[in-house]
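Report on the following structure.
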Amino acid sequence: MGLAGKRILVTRPRELAQPLAAAIAAQGGDAVLFPALEILAPADPAAARERLARLETYDFVFFVSPTAVRRASALRPEAWPAGLRAYAVGEGTRRALEAAGVRGATAPRDGADSEALLALADLQRLEGKRALIVRGEGGRGLLARTLAARGALVEFAECYRRAPPRSPAPGGRFDAICVNSSEALENLVVQLGSVRLQDAVLFVPHERVAQAARALGLRPPVIAGPGDDQVLARLVAYFGGAK
């Protein structure tokens, strides 16, 4: 099998990590789960709940991750409004929306980040449009700034908080580490140390996280793409010799 004998650290939030871990195990690998980000309840759930209760008042609703979809669903137990004009940062988020009952969400065909979403033709001129961004507390801010610069009136439904991991890091050496964000990578440097990270091959979703790895002085990562299938294929190709 393509990953036989390989010990691979999966650092996604625990609620999202199992499918990739199972796929690695099916290829003979040893998948070790260690969330580099803990997902916690928002500091002010009432504010998020109030905005989610009036989704029909927004012209556009943007979901930044599958976690944003799941946490918003928990804060809004009633059915999503028909005709919701929903946008997903990537295909994984679009699938999460569909599973939650939101049909017809738009996601970029290429890429899975704010830049790819903002390149969509129907988001270039937004004068007077009301936009809601469903996200965790904080974040990059690029999506909100750009939508506002294009004329949109932007509000947030902050449905969760990200925090450094509270559990101790697993010991031992890893052949590969899958990490999905710059924030998670910074947490891993604190938890594991740069030396242990240098010993493993980093697999990241896109160039922005690769740039963060280089800025931290880590070895050049492998850009695998954001989806589980893409990550698994790149892991198998790498360790199978097609590097």
Side-chain angles (χ1 to χ4, degrees), residues 9-21 32-49 51-52 61-76 87-90 92-97 100 111-117 132-147 154-170 177-194 197 202-213 215-216 218 221 224 226-228 231:
L9 189 66
V10 178
T11 67
R12 293 183 178 180
R14 197 168 299 279
E15 62 194 53
L16 302 176
Q18 192 55 49
L20 179 58
V32 180
L33 300 186
F34 177 63
L37 289 171
E38 297 280 356
I39 303 299
L40 307 176
D44 186 9
R49 194 176 287 114
R51 289 177 174 85
L52 292 169
V61 182
F62 298 89
F63 294 83
V64 304
S65 67
T67 297
V69 176
R70 291 182 176 89
R71 295 292 172 140
S73 296
L75 290 172
R76 183 197 160 93
Y87 287 79
V89 159
T93 305
R94 189 200 64 76
R95 289 196 299 268
L97 280 167
D113 55 18
S114 296
E115 288 86 346
L117 186 61
L132 181 70
I133 299 177
V134 183
R135 67 176 192 176
E137 293 177 8
R140 292 177 66 202
L142 175 66
L143 180 60
R145 290 195 303 272
T146 306
L147 294 175
V154 180
E155 294 182 26
F156 302 100
E158 295 185 323
C159 299
Y160 58 96
R161 289 179 290 137
R162 296 176 296 271
R166 293 171 288 182
S167 57
I177 298 175
C178 303
V179 58
N180 270 56
S181 71
S182 302
E183 185 179 1
L185 184 59
E186 291 168 1
N187 288 343
L188 284 176
V189 171
V190 174
Q191 292 287 322
L192 298 179
S194 296
L197 286 175
L202 288 176
F203 287 76
V204 303
H206 43 64
E207 177 59 28
R208 191 175 71 252
V209 185
Q211 290 174 357
L216 290 166
L218 303 175
D228 289 345
V231 174

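Heads up: numbering here begins at 1 and tracks the sequence. Every value quoted in this text rests on a predicted model; they were computed, and no experiment measured them.
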Can you tell if the side chain of Asn187 reaches within under 4.5 Å of the side chain of Pro165, non-hydrogen atoms only?
-> yes
Can you tell which of Leu142, Leu147, Thr146 makes a side-chain contact (heavy atoms from CB on, under 4.5 Å) with Ser114?
-> Leu142
Are Val231 and Leu20 side-chain neighbours, meaning at least one heavy-atom pair lies under 4.5 Å?
-> yes
Carboxylate-amine/guanidinium contact Arg14 Glu38, below 4.0 Å = no
Do Phe62 and Leu132 have side chains that get closer than 4.5 Å, going by heavy atoms?
-> no
How far apart are the C-alpha atoms of Phe34 and Leu188, what are their side-chain angles, what is the distance that settles it, and do they pass the side chain to side chain contact (heavy atoms under 4.5 Å, CB included) test?
-> CA-CA 10 Å; Phe34 177 63; Leu188 284 176; 4.1 Å; yes
Would you say Val154 and Arg145 make side-chain contact, with heavy atoms under 4.5 Å?
-> no
Within a strict 4.5 Å, meaning less than it, do heavy atoms of the Pro35 and Thr11 side chains meet?
-> no
Could you check if a side-chain atom of Thr67 sits within less than 4.5 angstrom of a side-chain atom of Thr93, using non-hydrogen atoms only?
-> no
Nearest 0.5 Å please: distance from the CZ atom of Arg71 over to the CZ atom of Arg161.
-> 10.0 Å
Nearest non-hydrogen partners of Pro42 and Cys159, listed with the distance = CD-O, 3.2 Å
Please name all residues satisfying side-chain contact (heavy atoms from CB on, under 4.5 Å) with Ala68, sequence neighbours left out, ordered by chain then number.
-> Val64, Ser65, Val134, Tyr160
Separation between OG (Ser73) and CG (Leu52), nearest 0.5 Å, reads 9.0 Å
CG on Leu33 to OG on Ser167, rounded to 0.5 Å = 10.5 Å
Measure the shortest side-chain to side-chain distance between Leu218 and Leu185 over non-hydrogen atoms and say whether it is less than 4.5 angstrom.
-> yes
At what distance, to the nearest 0.5 angstrom, does CZ of Phe203 lie from CG of Leu9?
-> 12.5 Å
Sidechain N-carboxylate O distance under 4.0 Å for Arg135, Glu158 | yes
Closest heavy-atom pair and its distance - Pro170, Leu192 = O-CD2, 4.3 Å
Does the distance from a Lys or Arg side-chain N to an Asp or Glu carboxylate O, for Arg162 and Glu137, drop under 4.0 Å?
-> no
Mind running side chain to side chain contact (heavy atoms under 4.5 Å, CB included) on Leu16 and Arg70 for me, showing each step along the way?
-> CA-CA 10 Å; Leu16 302 176; Arg70 291 182 176 89; 2.7 Å; yes
Residue among Arg208, His206, Glu207 satisfying side-chain contact (heavy atoms from CB on, under 4.5 Å) with Glu115 = Arg208
Does any non-hydrogen side-chain atom of Pro226 lie less than 4.5 Å from one of Asn180?
-> no
If you look at every heavy atom in Ala163 and Leu40, which pair is closest and at what distance?
-> CB-CD1, 3.8 Å
Backbone of Arg49 reached by a side-chain donor or acceptor of Arg76 within 3.5 Å = no
